[in-house]
Amino acid sequence: MAKRDEKAITPQSEDYSQWYQDIVLRAELADYSPVKGCMVIRPNGYALWENLQKALDGMFKATGHVNAYFPLFIPMSFLSKEAEHVEGFAKECAVVTHHRLGASPDGGVCPDPDSELEEPLIVRPTSETIIYAMYSKWIKSYRDLPVLLNQWANVVRWEMRTRLFLRTTEFLWQEGHTAHATHEESWAEVLRMLDVYARFAEEWMAVPVLKGVKSESEKFAGALKTTCIEAMMQDGKALQAGTSHDLGQNFAKAFDVKFQDEKGEWQYCWQTSWGVSTRLIGALVMAHSDDQGLVVPPKMAATHAVIVPIYKDEAGRARVMEAAAALKARLSAAGLGVVLDDRDTVSPGFKYNEWEMKGVPVRLEIGPRDVEQGACVAVPRVATRALREGERRQKESLPLEGAPEALKALLDDLQSALFRRALAFREDHSYRIDDYEAFQRDIEKGGFFWAHWCGSSACEDRVKEETKATIRCIPFDGEKEPGKCLACGGESDRRVVWARAY
RNA sequence: CGGGGCGUGGCGCAGCCUGGUAGCGCACCUGCUUUGGGAGCAGGGAGUCGGAGGUUCAAAUCCUCUCGCCCCGACCA
């Protein structure tokens, strides 16, 4: 028995943030890079991103969107065309001022002073400005509308403090940008895409989310309204998992995005933008994983099952390996991602731990006893049912014949079990609260607090200052209910969700 | 930018207080025995101690400066 402390990750209960870091590093999702604040997304992490892209991109296409690509660099002056927007992003923009290196006096290289750009370029923190500059060129008539574009890209925001996946200086994301003839239509688009995000989060990532509107102080710089989906992590903190903005005509006016309507009159377009980022990978990790390591919902997993062969001697090994290879072939042919761990250098127990660390949804054990019975043992990463008397882990016997169907059924069970578990966790950590003192005390434990709010930023600011909690959203499906503002006692007609957030 | 911590074989650390020329665990390589929950034994390879300067006969260790990274906080997806 090896020393556990060295191999085990930091328990969640001991240090949540260290636990998260351990998972990301040990499951090889990402690693720190030589560039401060920038991470390397390793193959295991990138595979999650690819699956996310595949699923979301399909949903975008199904709602009529098409992909395009706009430049990484944006003329500095573009950013200042929309007053709120520049204020929101100015502090975190990387600026390109030169286009050439030259020899530096100390023997290294430095920007060649003769190569200074006439107008500095910024590295996009988001692409509203450059995309809408193009829209003003492309859109002339109501017949050109709606424009429904999306781009998959990297963006840079020079944040002071970074955290793997959750906040890095450079990150990958998707940004949708649409233009419409009427506000009614653009608002419908905002809600439609928020719905796409919510569906993706819940059905693919198995992460339940609240849909709602951001308060004034939390909304996107330059938007009329920001809607969002909010998820709860296992430490009770909220994480914004996606946003969809109603930009109104703010950018259309700044970038002259106009069209002639049926009557020949010039109108400004109504625009939306919406995005999700690699941050969702962080959400995935924090929503499902445990002290054994990463937990990946089957629909997000590139590898659905790992086969671990077990044998005692050479003869047994040959028999088992033959059956294992046949099993792998059968599962692969059915479209499942399968790895056969045929390493002879580590023990089965070691493999169990290693694959659990990496979050593979199901382990298939196959040994001499199983081969004899024409079966294998399936162990889901997280139990899909209550454990029986004396059962330490859920183990199901799967027939080798018909293994694909049986495995798919188990994967479906696991997918819904993960969602149910996450939803139950959120419900267990959601509270209706009316007393500010109780709130100040209870917020320390984390969770979502449904409380009344009068609607003033002053109250929001005060609560934030005193408790570090913010309004995560004003939920769409919150019922009307008269009450008193948590902070000032003023009139309120519905509850909003307060929480500490990432 | 404030507070804290850390830089020593690939990884995690000890050694530093009280200077004497580098050690442990994991990983790696070889061999034998093992294999249904992180295997055992034996042997082996691998480090100009983040960098610069200083003190000293002698610096991982003491002094000064510097660079980098991580964590916590303010800002944010």
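Keep in mind that this is a model prediction, so the values were computed, not measured. Naming: A, B, ... by sequence-line order, numbering from 1 per chain.
Separating the C1' atom of B/G10 from that of B/A46 is a span of 9 Å, rounded to the nearest Å. Atom name P, nucleotides B/C71 and B/U56: the rounded distance is 42 Å, in whole Å. Rounded to a whole angstrom, the distance from the C1' atom of B/G5 to that of B/U55 is 28 Å. The same atom, C1', is picked in B/G43 and in B/G4; the two are 44 Å apart, to the nearest Å. B/C17 and B/U61: their P atoms are spaced 9 Å apart (whole Å). Taking the C1' atom of each, B/C69 and B/U8 are spaced 16 Å apart, rounded to whole Å.
At whole-Å resolution of the value, CG in A/D313 and P in B/U35 are 9 Å apart. At whole-Å resolution of the value, CD1 in A/I310 and C1' in B/G37 are 10 Å apart. The CD-C1' distance, from A/E314 to B/U34, rounds to 13 Å in whole Å. The interatomic distance linking A/D341 (CG) with B/G36 (C1') rounds to 15 Å, in whole Å. Rounded to an integer number of Å, the gap from CD of A/Q21 to P of B/C6 is 16 Å. Between A/W158 atom CH2 and B/A77 atom P the separation is 18 Å, expressed in whole Å. Here B/A27 presents its P atom at 12 Å from CZ of A/R343, a figure rounded to the nearest Å. A/I9 has its CD1 atom 16 Å from the C1' atom of B/G12, to the nearest Å.
Between A/Y32 and the phosphate of B/G7, there is no side-chain N or O to OP1/OP2 separation shorter than 4.0 Å.
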Revision key, fill the gap. Base-pair string, RNA chain B, Watson-Crick plus G-U, cut-off 3.5 Å on both distances, | for inter-strand, is ((((((((.[[[[.)....(..]]]].((((((.....)))))).....[[[[[..)....]]]]])))))))....
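A/T243 comes within 4.0 angstrom of no nucleic acid atom, judged by non-hydrogen atoms across all strands. Residue A/V377 is classed as a base contact, given a heavy-atom separation below 4.0 Å to a base. Counting non-hydrogen atoms under 4.0 angstrom, A/R369 reaches a base of the nucleic acid. Using a 4.0 Å heavy-atom criterion, one finds that A/L166 contacts the bases of the nucleic acid, with or without backbone contacts as well. Nucleic acid contact for A/Q240: sugar-phosphate only, since backbone atoms but no base atoms lie under 4.0 Å from a heavy atom of the residue.
For a distance-only test at 3.5 Å, the side chain of A/R392 fails to qualify as a donor-acceptor partner of the base of B/G37. At a cut-off of 3.5 angstrom, counting only N and O atoms as typed in the model, there is a donor on one side and an acceptor on the other between the side-chain of A/E356 and the base of B/G37.
No close placement of the A/Y197 and A/F200 rings is indicated, their centers lying 6.0 Å or farther apart. Centroid-to-centroid, the aromatic rings of A/F60 and A/W274 come within less than 6.0 Å.
Shown here are the side-chain hydrogen bond (donor to acceptor under 3.5 Å, both in side chains) partners of A/Q440, two or more places apart in sequence or in another chain: there are none. Here A/W152 pairs with A/W49 under the ring pair (Phe, Tyr, Trp, His ring centres under 6.0 Å) rule; sequence neighbours left out.
Geometrically, A/K211 does not engage A/F476 in a cation-pi contact, judged by NZ or CZ lying under 6.0 Å from the ring centre and within 45° of the ring axis.
With respect to A/D342 and A/K351, no salt bridge is recorded, no charged nitrogen being found less than 4.0 Å from a carboxylate O. One finds a salt bridge joining A/R363 and A/E365 here, because a Lys/Arg side-chain nitrogen approaches an Asp/Glu carboxylate oxygen to under 4.0 Å. A/E175 has no carboxylate O lying under 4.0 Å from a charged side-chain N of A/R124, or vice versa, which leaves the two without a salt bridge.
Nearer to the 5' terminus of RNA chain B, by closest-nucleotide assignment, is the contact made by A/K468 (compared with the other of A/T168 and A/K468). The nearest heavy atom of RNA chain B to A/V346 and to A/K464 marks one nucleotide each, and the one closer to the 5' end goes with A/V346.
Note on ring orientation: taking the six-membered ring where Trp is involved, the planes of A/F171 and A/W173 are perpendicular (angle over 60°, cut-offs 30° and 60°).
Side-chain proximity of A/E365 to B/C75, B/U35, B/G36: nearest is B/G36.
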